[in-house]
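All chains are named by letter (A, B, ...) in the order of the sequence lines, taking the proteins before the strands, and each is independently numbered beginning at 1. Keep in mind that this is a model prediction, so the values were computed, not measured.
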2 protein chains.
Amino acid sequence: MQSFIHPDMRDVTLDAVLYALADPARRAIVRALAADRACEGKGLSCNAAAPPDLPKATMSQHYAKLRAAGVVRATRKGVSVIHTLRCDEINAKFPGLLPAILEAVEV
Amino acid sequence: MQSFIHPDMRDVTLDAVLYALADPARRAIVRALAADRACEGKGLSCNAAAPPDLPKATMSQHYAKLRAAGVVRATRKGVSVIHTLRCDEINAKFPGLLPAILEAVEV
DNA sequence: TTCGTTATTTCAATAAATCCGAACTATTGA
DNA sequence: TCAATAGTTCGGATTTATTGAAATAACGAA
């Protein structure tokens with residue numbers, strides 16, 4: 001498998017971003033990446049950021065959607081794929097959206 | 001058909017709200033209701049707030065999802081069903097979320 | 001009250017998207 | 001070269017969405 005494709009911010013739509021974030025597993029991933037960014041900031045492997053009981057085929061599909069939506073960026077590091085939040089870019093394009101979602105209390 | 005059921009704000013989840021807003025037709029409805037609230041503020045009929053080319057059955061399902069998610073409130077007025085945004089309630093529960101989505105520029 | 005009109009919902013069938021086990025690919029280290 | 005680890009892709013089962021057609025609801029007029 002060749003390197004990952006990430007959309008240019010011009011092609012990132014609110015539709016895709018909201019759609020990507022409208023799933024609890026994907027939000028859990030985004031929360032984990034946001035928390036990581038606040039400390040280490042070097043990114044997390046797929047497994048490290050995903051809910052522990054998620055089947056890996058499903059997990060992989062979730063990451064594919066997050067990448068396609070422009071929410072996360074992936075790079076391969078050895079045997080792992082490391083993801084980071086495209087935090088500043090999303091904040092610039094959709095001000096307030098990520099903070100509002102990340103700061104919301106989930107039941 | 002008897003009166004509409006609207007969830008108590010305690011039972012409104014971020015999941016359902018994001019899911020409801022992660023659809024362009026439903027966002028168009030929400031935008032129309034937000035714009036209406038800024039002037040008349042008396043609410044809009046289903047047809048008035050929905051994109052003009054939306055099939056009626058589809059429109060009705062979209063409203064059902066918006067109501068179930070706690071995003072809008074419906075009351076019957078004559079032959080029409082009038083919807084309003086549950087703006088203050090959503091703002092109180094998920095601060096910044098609605099503004100961020102409504103102020104985003106859609107492509 | 002019965003009929004016609006308008007506005008919306010429900011039903012039911014089709015179409016599309018999602019989930020996930022199994023098989024596959026990529027990378028590294030022994 | 002082989003085995004182990006981390007993800008991805010494939011394919012079929014299940015779920016969800018879409019929408020035409022029929023049903024329901026409210027009203028006004030005859």
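Of all the heavy atoms in A:L102 and A:A34, the pair that sits closest is CD1-CB, 3.8 Å. When every heavy atom of A:A100 is checked against every heavy atom of B:G96, the shortest pair comes out as CB-C, 3.7 Å.
Distance alone, capped at 3.5 Å, places no donor-acceptor pair between the B:R67 side chain and the B:H6 backbone. Checking side-chain atoms of A:H83 against main-chain N and O of A:C46 turns up no donor-acceptor pair under 3.5 Å.
When heavy atoms are screened at a 4.0 angstrom cut-off, B:K65 is found touching the sugar-phosphate backbone but no base atom.
Between the CE atom of A:M59 and the P atom of D:dT5 there is a distance of 15 Å, given to the nearest Å. Rounded to whole Å, the distance from CD1 on A:I82 to P on D:dA6 is 11 Å. The CG atom of A:D23 sits 14 Å away from the C1' atom of D:dT15 (whole-angstrom rounding). One interatomic measurement links the two molecules: CZ of B:F4 to C1' of D:dT24, which rounds to 12 Å at whole-angstrom precision. One interatomic measurement links the two molecules: CG of B:D53 to C1' of D:dT19, which rounds to 13 Å at whole-angstrom precision. Across the protein-nucleic acid pair, B:Y63 atom OH and C:dT8 atom C1' stand 11 Å apart, rounded to whole Å. Atoms CD1 (B:I5) and P (C:dT9) sit 13 Å apart, rounded to a whole Å. Separating the CG atom of A:N47 from the P atom of D:dA4 is a distance of 18 Å, rounded to the nearest angstrom.
In terms of phosphate contacts, B:T58 brings no side-chain nitrogen or oxygen within less than 4.0 Å of OP1 or OP2 of D:dT18. Taking 4.0 angstrom as the limit, A:S45 places none of its side-chain polar atoms (N or O) nearer than this to OP1 or OP2 of D:dA6. In this model, the phosphate group of D:dT8 is approached by a side-chain N or O of A:R67 to a distance below 4.0 Å at OP1 or OP2.
Among the nucleotides C:dC19, D:dG7, C:dT8, the one closest to the side chain of A:V81 is D:dG7. Listed nucleotides: C:dC11, C:dA23, C:dA26. Nearest to the side chain of A:R76: C:dA26. Among the nucleotides D:dA25, C:dC19, D:dT9, the one closest to any side-chain atom of A:A57 is D:dT9.
With hydrogens and angles ignored, a donor-acceptor pair under 3.5 angstrom links the side chain of B:Q61 to the base of D:dT19.
Each of B:K56 and B:H62 was matched to the nucleotide of DNA chain D holding its nearest heavy atom; the match closer to the 5' end belongs to B:H62. Looking at which nucleotide of DNA chain D each of A:S60 and A:V79 is closest to, the 5′-most match is held by A:V79.
Each of B:I101, B:L18, B:V17 was evaluated against A:I101; a single residue qualifies, B:L18, per the side-chain contact (heavy atoms from CB on, under 4.5 Å) test.
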